[in-house]
Amino acid sequence: MSDTLQKLARVLEERKQADPTNSYVAGLYHKGLDAILQKVGEEAVETILAAKGDSPEHLVGETADLWFHTLVMLAQRGLGPEPVLAELERRFGLSGLEEKAARGES
């Protein structure tokens with residue numbers, strides 16, 4: 001499953017060098033981090049609204065948009081999916097309460 005994320009991460013890195021007039025992602029990079037963060041926020045809201053609806057297909061589509069734009073955000077910050085996957089792996093098997101306590105959250 002993570003192979004898809006890794007392939008997408010490679011393409012997102014390549015788009016950093018692309019012409020912003022020919023690539024949506026290059027255009028986002030060209031606009032800067034604030035534009036990317038705004039897009040992540042928009043997609044998060046759309047995902048929440050889709051979750052309240054009755055269409056599983058719509059929810060899957062909006063979640064894919066959110067994940068995609070989150071990967072763009074990570075790439076803009078010089079990160080790929082690997083550290084996020086590693087963090088999820090680290091947390092696997094911990095209860096949510098234990099994990100939050102280890103981070104000092106209540």
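All heavy atoms count here, side chains included; hydrogens, waters and symmetry mates do not.
- Residue pairs meeting the salt bridge (Lys or Arg N to Asp or Glu O under 4.0 Å) criterion with at least one partner in residues 37-53, sequence neighbours excluded, are Lys39-Glu42, Lys39-Glu43.
- Follow the hydrophobic side-chain contacts under 4.5 Å out from Leu49 and you never reach Leu66; the two are in separate clusters.
- Without hydrogens or angle criteria, Tyr29 side chain to Pro20 main chain gives no donor-acceptor distance under 3.5 Å.
- The heavy-atom pair separating Val40 from His69 by the smallest distance is CG2-O, 3.4 Å.
- Other residues, nucleotides and ligands place more than 12 heavy atoms under 6.0 Å from the CG atom of Asp19.
- In the hydrophobic clustering of ILVMFWY residues, with side-chain heavy atoms under 4.5 Å counting as a link, Phe68 and Val11 come out apart.
- With Val84 as the fixed residue, the side chain to side chain contact (heavy atoms under 4.5 Å, CB included) test singles out one of Thr70, Leu74, Leu5: Leu74.
- The list of salt bridge (Lys or Arg N to Asp or Glu O under 4.0 Å) pairs with a residue in residues 59-81, not counting sequence neighbours, is empty.
- Summarising the local packing, OH of Tyr24 is surrounded by more than 12 heavy atoms from other residues, nucleotides or ligands at distances under 6.0 Å.
- The line from CH2 of Trp67 to OG1 of Thr4 is 10.5 Å long, rounded to the nearest 0.5 Å.
- Scanning both residues, Leu12 and Ala75, for their nearest heavy atoms gives CB-CB, 4.4 Å.
- In this structure Ile48 satisfies the side chain to side chain contact (heavy atoms under 4.5 Å, CB included) test with no other residue, sequence neighbours excluded.
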Handout entry: Worked verdict on Lys31 versus Ile36 for side chain to side chain contact (heavy atoms under 4.5 Å, CB included)
Key = CA-CA 8 Å; Lys31 292 176 186 173; Ile36 294 168; over 6 Å; no
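- When side chains are defined from C-beta on, Pro81 counts as touching Leu71, because their heavy atoms get closer than 4.5 Å.
- Residue Asn22 places its CG atom among more than 12 non-hydrogen atoms of other residues, nucleotides or ligands, all under 6.0 Å distant.
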Exercise for the section: Please report the C-alpha distance between Arg10 and Glu13 in whole Å, then the side-chain angles of each, then the deciding distance to 0.1 Å, and finally whether the salt bridge (charged side-chain N to carboxylate O under 4.0 Å, His left out) criterion is met. Expected result: CA-CA 5 Å; Arg10 282 192 298 272; Glu13 279 301 314; over 6 Å; no
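- Rounding to the nearest 0.5 Å gives a distance of 10.5 Å between CD of Glu14 and OG of Ser23.
- Closest approach of Ala26 to Ala18, counting heavy atoms only: CB-O, 3.6 Å.
- Taking hydrophobic clusters as Ile, Leu, Val, Met, Phe, Trp and Tyr residues chained together by side-chain heavy-atom distances below 4.5 Å, Leu8 shares a cluster with Leu79.
- Using a 4.5 Å cut-off between side-chain heavy atoms of Ile, Leu, Val, Met, Phe, Trp and Tyr, with links allowed through other members, Leu28 and Leu37 fall into the same hydrophobic cluster.
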